[in-house]
*Asks:* 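To start, I am sharing the structure in question, which I have written as structure tokens.
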Amino acid sequence: MTSIPKTPSRYRSRSDAKTPLTPSMISAFNGISISPQKRSHPADLSNPFITKSRQASPVKRAAGGGIAISDSFQRQAGGGVIRKGGIETRLDVVSRDYLPPTSQPRPELKRSRSTPATRERTQSTGDNRDRFITTREVDDVAATLEIMSLNPKTASPGHTARLAAATGVPLNRRVLAYHEAPPASSSDSTLSQQRELARPLYGRPGELPSSTSSTTNKSRRIPTQPERVLDAPGMVDDFYLNLVSWSIQNIVAVALAESTYVWRADTGVVSHLGEAPEGTYVSSVDFSNDGAYLGIGLGTGEVELWDVEAGQKLRTMGGHQGQIAVLSWNAHILSSGCGDGSIWHHDVRVPRHKVMELLGHTGEVCGLKWRADGELLASGGNDNVVNIWDGRVGDVTDGARGQAKWTKRNHTAAVKAIAWCPWQSSLLASGGGTNDATIHVWNSGTGARLHSLKTPSQVTSIIWSPHKKEILTTHGYPTNAIMVHAYPSLERIAEIRDAHDSRVLYTAVGPAGDVVCTGAGDENLKFWRIWEGVGAKKKKEGKERSSSTTRSGILSIR
């Protein structure tokens, strides 16, 4: 389809466009003069091309001195259509002109704080107001601001007003402000220093909100009260010592100052085994694998060997230069950890008892444990080091020495808690003291660290469950707790806070693997049923348990 070209404007005979005609234009048309006379301009003397000049007439030209207004022209003007020179023009006639406002003093408008100073508000008049500009008066704006201030005296207090009144923080003022630090207290600074030292203890992960609370997993219900409590007056509150041992024959040995006692769990009979020499104390005890003999370490560095059934001391093995903080048996080899960092192997069958010396610690050895098969020995010391030793003993010579197979320095505090896993022999667990409070699980075959767990307080002992994949740990300040963790997730199954009035330092597990004995500086021995024994799982509640478990009641060692 082709487009038809438009006719040029010079060939148009008549235009359809109509221009609106206003009264001002009508008056302009009336003032048009068609006189043939030319209007001359005043002479400009500075222009040489203008020679003739004539002054303009001061008389104003009459309005009606041009074209005469006829009746038809007047009608066309009134109708808004003027036909001039054959061209019709239509104009929109405005019936109401703009009326400027009267010259009155402009009222001063108040501006809210939220409106910038450069922006001015205009007050519109008439019915046609701008919808984007507020038309509220000053009083209305003031009333709105008064409501926004949430003043409870003038408005109904809402939730925000109640919060503001309770906290004492005004809503229309700055909350944060900069001030100088308060002056230091002029009183004794000892208490503040103690608080700074104890602050990291209470900020560790995994702690409970209350100091007297306990938690238990929904799938496991562990009693939070001990089955039996024994008074143990004179028990020393020392982190580095090991004063409790439980034999396979269900006999508990406990050291109280310079005395050693044994308590038979099946009968409840308590007997005094022996006294330490004058001027020393008992620093460690440990039963042999068959439960027939008891090794006793002394503060003078000597190791005593006792026959439990006969109640007689068989021999005394000396040679150490410091206290014997820990003992561990492997068949006929009794290993002792000394305060000078050395570990000795004593062969109790021969007169020359020292068969090997292990040098790998620079601090006191406070953790020592043989693996069940006797192939490896683990030790922990006050130098924050964990060593794993080859269990093979060399020739029976006084100068035989051994080297550590693995040396681990991940702990940042003394390592007393040492335990081998009974159902996976390659696993070793260790726990650090106050500045560390961390449990590490090691692979003794490769030396790799498998798992780590940060605890709320110092770790004093670790026990693997014989029948479950769980780990029990005891803790010191500030929780004094007993905690049970699942393995390998290390999820906390149960925690008994404030199990003792003092830090839980000494632990031993019964031969059935169900009851754990704990000792502390509050001079109490407590027996906790943590796990179910092998034969007790199928028994109903109310029946008597096997003779290898403890019974309820409170007795006294003395």
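Numbers here simply count residues along the sequence, with the first being 1.
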*Asks:* Would you say Arg315's side chain and Pro351's backbone share a donor-acceptor pair under 3.5 angstrom?
*Replies:*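 Side chain of Arg315 to backbone of Pro351, a donor-acceptor pair under 3.5 Å: yes, one is there.
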*Asks:* Counting neighbours of OH on Tyr293 that are heavy atoms of other residues, nucleotides or ligands and sit closer than 6.0 Å, is the number greater than 12?
*Replies:* no
*Asks:* Before giving the answer on side chain to side chain contact (heavy atoms under 4.5 Å, CB included), spell out for Leu294 and Leu273 the whole-Å C-alpha distance, their side-chain angles and the decisive distance to 0.1 Å.
*Replies:* CA-CA 10 Å; Leu294 178 67; Leu273 188 62; 3.4 Å; yes
*Asks:* Donor-acceptor pair, Trp329 side chain versus Asp286 backbone, under 3.5 Å?
*Replies:*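 Answer holds: yes.
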*Asks:* Would Asp237 and Arg503 pass as an ion pair if we require N to O under 4.0 Å?
*Replies:*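 Salt bridge between Asp237 and Arg503, a charged N being under 4.0 Å from a carboxylate O: yes.
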*Asks:* Taking all heavy atoms of Cys338 and all of His320, pick out the closest pair and write down the distance.
*Replies:*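 So the two residues come closest at CB-ND1, 3.3 Å.
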*Asks:* Heavy-atom distance under 4.5 Å between the side chains of Thr455 and Thr438, does that happen here?
*Replies:* no
*Asks:* Are side-chain N/O atoms of Tyr281 and Gln323 paired as donor and acceptor at under 3.5 Å?
*Replies:*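 Yes, a side-chain donor-acceptor pair sits under 3.5 Å.
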*Asks:* Under 4.5 Å between any side-chain heavy atoms of Trp464 and Gln424, yes or no?
*Replies:* no
*Asks:* Is a side-chain donor or acceptor of Arg371 paired with a backbone partner of Ser425 at a separation under 3.5 angstrom?
*Replies:* yes
*Asks:* So, taking the atom named CH2 in Trp306 and the one named OG in Ser288, what distance separates them when rounded to the nearest 0.5 Å?
*Replies:* 15.0 Å
*Asks:* Are the side chains of Val385 and Lys408 in contact, using a 4.5 Å heavy-atom criterion?
*Replies:*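 SC-SC contact between Lys408 and Val385 ruled out.
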*Asks:* Begin from the C-alpha positions of Ser426 and Ser444 and carry the test side chain to side chain donor-acceptor pair (under 3.5 Å) through to its verdict.
*Replies:* CA-CA 5 Å; Ser426 62; Ser444 61; 5.2 Å; no
*Asks:* Are the side chain of Thr300 and the backbone of Thr280 linked by a donor-acceptor contact shorter than 3.5 Å?
*Replies:* no
*Asks:* Ignoring hydrogens and geometry beyond distance, is a side-chain donor-acceptor pair present between Trp442 and Ser430 at under 3.5 Å?
*Replies:* yes
*Asks:* To the nearest 0.5 Å, what is the distance between CG (Asp501) and CD (Glu523)?
*Replies:*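 Between Asp501 CG and Glu523 CD, I get 11.0 Å after rounding to 0.5 Å.
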*Asks:* Quick test of your reading of the model: are Asp347 and Arg349 salt-bridged, counting only N-O distances below 4.0 Å?
*Replies:*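 Looking at Asp347 and Arg349, the cut-off is met.
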*Asks:* Looking at every heavy atom in both Gln249 and Ala292, which two are closest together, and how far apart are they?
*Replies:*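 Minimum heavy-atom separation between Gln249 and Ala292: NE2-N, 4.2 Å.
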*Asks:* Identify, with sequence neighbours excluded, every residue that meets side chain to side chain donor-acceptor pair (under 3.5 Å) alongside Thr412.
*Replies:*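 Side chain to side chain donor-acceptor pair (under 3.5 Å) list for Thr412, sorted by chain: Asp436.
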*Asks:* Heavy-atom count check: over 12 atoms from other residues, nucleotides or ligands less than 6.0 Å from Leu314 CG?
*Replies:* yes
*Asks:* Verify ring pair (Phe, Tyr, Trp, His ring centres under 6.0 Å) between Trp263 and Phe527, making sure each step is shown before the conclusion.
*Replies:* CA-CA 13 Å; Trp263 175 75; Phe527 296 85; 5.1 Å; yes
*Asks:* In terms of relative ring orientation, are Trp389 and His361 parallel, tilted or perpendicular, with 30° and 60° separating the classes?
*Replies:* tilted
*Asks:* Give the intermediate values and the outcome of ring pair (Phe, Tyr, Trp, His ring centres under 6.0 Å) for residues His440 and His411.
*Replies:* CA-CA 8 Å; His440 294 308; His411 290 286; 4.6 Å; yes
*Asks:* When rounded to the nearest 0.5 angstrom, what is the spacing between CD1 in Ile296 and CD in Glu302?
*Replies:* 12.0 Å
*Asks:* Determine the sole option in Val484, Ile463, Ile439, Leu490 for which the side chain to side chain contact (heavy atoms under 4.5 Å, CB included) test with Ile471 is passed.
*Replies:*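 Only one option passes, and that is Leu490.
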*Asks:* Just checking, any donor-acceptor pair under 3.5 angstrom between side chains of Thr507 and Thr474?
*Replies:* no
*Asks:* Tell me, do Asn242 and Lys416 make a side-chain contact under 4.5 Å, heavy atoms counted?
*Replies:* yes
*Asks:* When you measure from the side chain of Lys526 to the backbone N and O of Ala499, does any donor-acceptor pair fall under 3.5 Å?
*Replies:*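 Yes.
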*Asks:* Between Asn387 and Ala404 (side chain of the first, backbone of the second, donor and acceptor by atom type, cut-off under 3.5 Å), is there such a pair?
*Replies:*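 Here the side-chain-to-backbone pair does not exist.
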*Asks:* For Gly297, does its backbone N or O pair with a side-chain atom of Ser283 as donor and acceptor, under 3.5 Å?
*Replies:*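 Indeed, once roles are kept as given, a pair shorter than 3.5 Å links the two residues.
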*Asks:* Asp238 vs Leu505, test: side chain to side chain contact (heavy atoms under 4.5 Å, CB included). Steps then yes/no.
*Replies:* CA-CA 8 Å; Asp238 193 330; Leu505 294 177; 5.6 Å; no
*Asks:* What is the minimum heavy-atom distance between Glu495 and Ala481, and which atoms define it?
*Replies:* OE2-CB, 3.8 Å
*Asks:* Can you find a side-chain donor-acceptor pair between Thr518 and Trp528 that sits under 3.5 Å?
*Replies:* yes
*Asks:* For a 4.5 angstrom cut-off between non-hydrogen side-chain atoms, does Leu377 reach Ile388?
*Replies:*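 No, side chains not in contact.
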*Asks:* Look up atom OG in Ser335 and atom CD1 in Ile324, then write down how far apart they are to the nearest 0.5 Å.
*Replies:* 11.5 Å
*Asks:* Specify the closest pair of heavy atoms between Pro277 and Leu298, including all atoms of both residues, with the distance to one decimal.
*Replies:* CD-CD1, 3.7 Å
*Asks:* Where the side chain of Thr460 meets the backbone of Val504, is there a donor-acceptor pair that is under 3.5 Å apart?
*Replies:*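 Looks like yes, one N/O pair under 3.5 Å.
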*Asks:* Minimum heavy-atom separation for Ser342 to Leu359, with atom names?
*Replies:* CB-CD2, 3.8 Å
*Asks:* Could you label the plane-to-plane angle of the His451 and Tyr487 rings as parallel, tilted or perpendicular, counting under 30° as parallel and over 60° as perpendicular?
*Replies:*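 Plane angle over 60°, so perpendicular.
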*Asks:* With distance as the sole test, does Trp344 use its side chain to make a donor-acceptor pair with the main-chain N or O of Gly337 at under 3.5 Å?
*Replies:* no
*Asks:* Quick one: do Tyr261 and Leu256 satisfy side chain to side chain contact (heavy atoms under 4.5 Å, CB included)? Show the steps, please.
*Replies:* CA-CA 8 Å; Tyr261 295 87; Leu256 304 177; 3.9 Å; yes
*Asks:* Can any side-chain N or O of Asn289 pair as donor or acceptor with the backbone N or O of Ala331 at less than 3.5 Å?
*Replies:*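 It does hold such a pair.
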*Asks:* Is any side-chain heavy atom of Leu525 closer than 4.5 Å to a side-chain heavy atom of Cys517?
*Replies:*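 Leu525 reaches Cys517 side chain to side chain.
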*Asks:* Are Phe239 and Gln458 packed together at the side-chain level, in the sense that at least one heavy-atom pair is separated by less than 4.5 angstrom?
*Replies:*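 A side-chain contact exists here, since the closest heavy-atom pair is under 4.5 Å.
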*Asks:* Taking all atoms of both residues into account, what is the closest heavy-atom pair of Ser457 and Gly476, and its distance?
*Replies:* OG-O, 3.4 Å
*Asks:* Using the ring of each side chain (for Trp, its six-membered ring), is Trp370 parallel, tilted or perpendicular to His345, with breaks at 30° and 60°?
*Replies:*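 Tilted, since the angle between the ring planes falls between 30° and 60°.
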*Asks:* If you round to the nearest 0.5 Å, how far is CD1 of Ile482 from OG1 of Thr473?
*Replies:* 9.0 Å
*Asks:* Could you measure the distance from the CG atom of Leu428 to the CG atom of Asn443? Nearest 0.5 Å is fine.
*Replies:*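 Going from CG on Leu428 over to CG on Asn443, the span is 10.0 Å.
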*Asks:* For residues His485 and Leu453, determine if any side-chain heavy atom of one lies less than 4.5 Å from a side-chain heavy atom of the other.
*Replies:* yes
*Asks:* Can you list the residues that meet the side chain to side chain donor-acceptor pair (under 3.5 Å) rule with Glu309, with sequence neighbours excluded?
*Replies:* none
*Asks:* For Gln312, is the CD atom crowded, meaning more than 12 foreign heavy atoms sit under 6.0 Å from it?
*Replies:* no
